[in-house]
Amino acid sequence: CGALTESLLESELFGHEKGAFTGAMYNRKSRFEMADGGTIFLDEIGDADPKTQVQLLRFLDNGGFVRLGDNQTRFARVLLVAATNQDLPRLIAEGRFRADLYHRLSELTIAVPSLNQRREDIPDLAVHFLGQLYRIYRLADEPVDRVPTISVEAQGLLTTHDYTGNIRELRSILLRALLFRQGP
């Protein structure tokens, strides 16, 4: 939600009709229409603008939405999953997030502890990310099945590191290690 402008987010989520705005050369289905019967994940919901918050609340109330430039209500049935790293109760107190939308979204809440609070997961996550990164960044002459390993000493350093950037920081550390490695 934070990566798109208000108008682009509205067009992506709810769709638009041809001519609804400059550059709308064709009808565009909404993400809700495309995901009908499935799941939509909205990352960084705390960054959603007030207008989008209202439209999301309406959608959550009855499954209805209106494409930009249209007046016909369409319906879709989707499971909406939202995530944020922001303190939504604080945003509500500041008037930047709707309390009614928060209560609709928080019907089922899963709080994921920070990486610093689950250090026992770091070795497994490191192996996972290293394998993933190797597949993306390996040199053309490197075999696909020879993923570099993490030494016991490096595992210890990774486990005791203070992760202010959480999972993304761990991934970045591993990418640097992969790119600048001297051996396997």
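The figures here come from the full heavy-atom set of this structure, side chains too, leaving out hydrogens, waters and symmetry mates. The structure displayed is predicted, hence computed values, not measured ones.
A donor-acceptor contact shorter than 3.5 Å links the side chain of Thr5 to the backbone of Leu8. A donor-acceptor contact shorter than 3.5 Å links the side chain of Arg119 to the backbone of Thr159. In this structure a side-chain-to-backbone donor-acceptor pair under 3.5 Å is missing from Gln155 to Pro123. Within the 3.5 Å criterion, the main-chain N or O of Lys18 finds a donor-acceptor partner in the side chain of Asn27. Side-chain atoms of Asn116 do not come within 3.5 Å of backbone N or O of Asp162 as any donor-acceptor pair.
Closest of all the heavy-atom pairs between Ala48 and Cys1 is N-CB, 4.3 Å. Across Leu42 and Ile45, no two heavy atoms sit closer than the pair CD1-CD1, 3.9 Å. Residues Leu158 and Ala126 share a closest heavy-atom pair of CD1-CB, 4.0 Å. Here the shortest heavy-atom pairing between Pro148 and Leu178 reads CG-CD1, 3.7 Å. Nearest heavy atoms, Met34 versus Lys29: CE-O, 3.7 Å. When every heavy atom of Ser30 is checked against every heavy atom of Gly15, the shortest pair comes out as CB-N, 3.4 Å.
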Evaluation steps, side chain to side chain contact (heavy atoms under 4.5 Å, CB included), between Phe21 and Leu68: CA-CA 8 Å; Phe21 52 85; Leu68 285 169; 4.1 Å; yes

Derivation and outcome, side chain to side chain contact (heavy atoms under 4.5 Å, CB included), residues Asp100 and His103: CA-CA 5 Å; Asp100 46 2; His103 292 296; 5.7 Å; no

Arg98 and Leu57: CA distance, side-chain angles, deciding distance, side chain to side chain contact (heavy atoms under 4.5 Å, CB included) verdict: CA-CA 9 Å; Arg98 294 181 61 102; Leu57 184 60; 3.7 Å; yes

Worked check of side chain to side chain contact (heavy atoms under 4.5 Å, CB included) between Leu125 and Leu115: CA-CA 10 Å; Leu125 288 167; Leu115 195 54; 3.7 Å; yes

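Within the 4.5 Å cutoff, the side chain of Leu13 has heavy atoms near those of the Leu56 side chain. Residues Leu79 and Val81 have side chains in contact (heavy-atom distance under 4.5 Å, counting atoms from C-beta outward). Using a 4.5 Å heavy-atom cutoff, the side chains of Ile167 and Phe129 are in contact. Taking the side chain as every heavy atom from C-beta outward, Thr39 and Phe41 never approach each other to under 4.5 Å. By the 4.5 Å heavy-atom criterion applied to side chains, Val54 and Leu101 are not counted as neighbours. For the pair Ile122/Tyr163, a side-chain contact is recorded, criterion being any heavy-atom separation below 4.5 Å from C-beta on. Put simply, the side chain of Ser11 reaches to within 4.5 Å of the side chain of Arg28, judged on heavy atoms. Residues Ser172 and Glu169 fail the side-chain proximity criterion, which asks for heavy atoms closer than 4.5 Å.
Clustering ILVMFWY residues whenever any of their side-chain heavy atoms sit less than 4.5 angstrom apart, transitively, puts Phe180 in the very cluster that holds Ile136. Taking hydrophobic clusters as Ile, Leu, Val, Met, Phe, Trp and Tyr residues chained together by side-chain heavy-atom distances below 4.5 Å, Leu91 shares a cluster with Tyr102. In this structure, Leu80 is not a member of the same hydrophobic cluster as Val66, with clusters built from ILVMFWY side-chain heavy atoms closer than 4.5 Å. Side-chain heavy atoms closer than 4.5 Å link hydrophobic residues (I, L, V, M, F, W, Y) into clusters, and following such links, even through other members, never connects Leu108 to Leu105. The hydrophobic clustering, which links ILVMFWY residues whose side-chain heavy atoms are closer than 4.5 Å, places Ile173 and Ile150 together.
Applying the side-chain hydrogen bond (donor to acceptor under 3.5 Å, both in side chains) definition to pairs two or more places apart or across chains, those involving residues 127-144 are Glu142-Arg181. Here side-chain hydrogen bond (donor to acceptor under 3.5 Å, both in side chains) pairs that include residues 50-67, with residues two or more places apart or in two chains, are Glu10-Lys51, Glu10-Gln55, Glu17-Arg67, Glu33-Arg67, Asp49-Thr52, Asp61-Arg104.
When each of Ile40, Leu9, Val78 is checked for a side-chain contact (heavy atoms from CB on, under 4.5 Å) with Arg31, only Ile40 meets the rule.
Within a 6.0 Å radius of CD1 in Ile110, no more than 12 heavy atoms belonging to other residues, nucleotides or ligands are found. Glu107 CD: more than 12 foreign heavy atoms inside a 6.0 Å radius.
Between the CG atom of Asp43 and the OG1 atom of Thr84 there is a distance of 8.0 Å, given to the nearest 0.5 Å. Rounding to the nearest 0.5 Å gives a distance of 10.5 Å between CG of Leu88 and CZ of Arg96. One finds the CD atom of Glu44 at 5.5 Å from the CG atom of Asp47 (value rounded to the nearest 0.5 Å).
Relative orientation of the Tyr26 and His16 rings is tilted, given thresholds of 30° and 60° on the angle between their planes.
Aromatic ring centres of Phe32 and Phe14: separated by under 6.0 Å.
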